[in-house]
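None of these values were measured; they are calculated from a predicted model.
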Amino acid sequence: MDGNKTFSSDFTLVGLFTHKKTAGFLFSVICVIFFMAMIANGVMVFLIHTDPLLHTPMYFLLSHLSFIDMMYISTIVPKILADYLLGKGAISFIACTLQYFLYMGFVGAEFFLLGLMAYDRYVAICNPLRYPVLMSRRVCWLILASSWFGGALDSFLLTPITMRLPFCASHRINHFFCEAPTMLRLACGDKAIYEMVMYICCVVMLLIPFSVVIASYARILVTVHHMKSAEGKKKAVATCSSHVIVVTLFYGAALYTYMLPQSYHTPLKDKIFSAFYTILTPLLNPLIYSLRNRDVTGAMKRAMAKRRGTCGVTRKEF
């Protein structure tokens, strides 16, 4: 098949729904998850930026984590819902490329940000007296810029290589979005360069940030072990537990998708793991941080009290 013709052809997304009897139920569930994730992350961003008590490095980074979650779930779920409503799974080559590019950028940025957030926890527990210096505003912006740069580099490297491959075997994507491993299986050209670049990107994007997490928490565990105060140990564990849960959920699913050899993959497993870290994780992140964090719940109560106070003043005026 001619390469140019291949590039201009549409793809067909099989979708997450494989059985028509359960499609309606799954559509409702995903729709609810999507809107709850957008609302929960939006509330986190609002509280962090409006409550003075949350104007700290940790919450500054957390607000951007919520923003990234909102962005990358929006590149996938609306298309899934639209395909169900329209009864079509067609996606143009350009739309598939754009979805791939945006998704890799946002997810790559989250990989790096989660890894670097472990450094913040390390400084807070192991070097509390130097925390204002080691986690200054300049350092926070540097962490954020590094995360976005890593995500952008990932997109600009992998997107051209992936989408330039000839998809002559089939244009039927047995997935619910244009994900890298699935697109690779459709290609029939020489994949050696792509596989090498993919491996290098995965090492950088996954293993290096994950190594930062492991190193940071190893030092934290040593520090906590030497603490004499039981209250201090409890506070340190509470400070880190939310981040550890988020990292485990997000990195665990991503490591399966991008690092496990293709021989261990099946279309069903790929969909399950991809749905977990692309659809569920953006909802779980704000819930984990808010439900397990007194500062966030306190900010929520203050915002609601302020809202009630404003409403009371308004009623008196009328």
Side-chain angles (χ1 to χ4, degrees), residues 1-18 20 23 26-27 29-31 33-35 37-38 41 67-111 148 151-189 191 194 197-198 201 205 254 257-258 265 267 270-282:
M1 184 179 292
D2 181 72
N4 293 330
K5 185 177 180 180
T6 301
F7 294 158
S8 63
S9 299
D10 290 348
F11 295 102
T12 300
L13 291 167
V14 173
L16 183 60
F17 317 125
T18 54
K20 292 184 178 180
L26 290 174
F27 169 82
V29 170
I30 291 177
C31 191
I33 290 174
F34 173 70
F35 284 107
M38 294 296 288
N41 283 290
F67 174 75
I68 293 173
D69 281 339
M70 292 172 70
M71 291 298 100
Y72 86 72
I73 194 174
S74 297
T75 65
I76 298 169
V77 175
K79 172 62 177 171
I80 299 174
L81 300 178
D83 287 345
Y84 174 81
L85 291 175
L86 299 174
K88 298 178 181 178
I91 183 170
S92 68
F93 176 82
I94 294 176
C96 187
T97 302
L98 181 61
Q99 185 186 63
Y100 184 101
F101 178 83
L102 293 174
Y103 164 76
M104 293 302 290
F106 290 133
V107 171
E110 180 148 341
F111 283 138
W148 281 110
L153 183 64
D154 190 48
S155 282
F156 280 106
L157 278 176
L158 291 182
T159 304
I161 295 175
T162 305
M163 304 312 289
R164 283 177 64 87
L165 290 169
F167 301 103
C168 53
S170 172
H171 282 205
R172 183 179 173 85
I173 303 174
N174 192 6
H175 214 300
F176 55 91
F177 72 106
C178 299
E179 192 175 30
T182 306
M183 299 304 294
L184 177 61
R185 284 196 289 270
L186 290 183
C188 59
K191 307 175 188 178
Y194 173 85
V197 175
M198 169 67 86
C201 284
M205 189 174 68
T257 302
Y258 291 100
H265 287 252
D270 286 351
K271 289 181 183 182
I272 292 173
F273 278 93
S274 295
F276 187 82
Y277 81 94
T278 60
I279 300 175
L280 280 178
T281 302

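- Counting only distance, with no hydrogens or angles, the side chain of S155 and the backbone of F101 share a donor-acceptor pair below 3.5 Å.
- To the nearest 0.5 angstrom, Y84 atom OH is 11.0 Å from C31 atom SG.
- Shown here are the ring pair (Phe, Tyr, Trp, His ring centres under 6.0 Å) partners of F276, two or more places apart in sequence or in another chain: there are none.
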Using the side-chain contact (heavy atoms from CB on, under 4.5 Å) rule, take V14 and K271 through it: C-alpha gap first, then chi angles, then the decisive distance, then the call.
-> CA-CA 11 Å; V14 173; K271 289 181 183 182; 4.0 Å; yes
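- Minimum heavy-atom separation, M183 to F11: CE-CZ, 4.0 Å.
- For A152, the side chain to side chain contact (heavy atoms under 4.5 Å, CB included) partners at least two apart in sequence or on another chain are F156.
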Take D10 and H171, measure what side-chain contact (heavy atoms from CB on, under 4.5 Å) needs, and give me the verdict at the end.
-> CA-CA 7 Å; D10 290 348; H171 282 205; over 6 Å; no
Between side-chain atoms of residues 72-82 and protein atoms elsewhere (two or more places apart, or another chain), which donor-acceptor pairs fall under 3.5 Å?
from : atom 1 : to   : atom 2 : distance (Å)
Y72  : OH     : Y277 : O      : 2.7
S74  : OG     : M70  : O      : 2.6
T75  : OG1    : Y72  : O      : 2.7
K79  : NZ     : D83  : OD1    : 2.9
K79  : NZ     : A90  : O      : 2.8

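- Interatomic distance, OG1 of T12 versus CD1 of I173, reported as 8.0 Å (0.5 Å rounding).
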Check step by step if side-chain contact (heavy atoms from CB on, under 4.5 Å) holds for C178 and M163.
-> CA-CA 10 Å; C178 299; M163 304 312 289; over 6 Å; no
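- To the nearest 0.5 Å, the span separating CZ on F93 from CG on L98 amounts to 11.5 Å.
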Go through F106 and W148 one step at a time and tell me if the side-chain contact (heavy atoms from CB on, under 4.5 Å) criterion holds.
-> CA-CA 8 Å; F106 290 133; W148 281 110; 3.7 Å; yes
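- The side chain to side chain contact (heavy atoms under 4.5 Å, CB included) with F176 is formed by just one residue from the set T278, D270, L13, T182; it is T278.
- Summarising the geometry, atom CD1 belonging to I68 is positioned 11.5 Å from atom CZ belonging to F111; distances are rounded to the nearest 0.5 Å.
- Annotation: the span from M71 atom CE to N41 atom CG amounts to 9.5 Å, rounded to 0.5 Å.
- For the atom pair OG1 of T159 and CG of D154, the computed distance is 8.0 Å after rounding to the nearest 0.5 Å.
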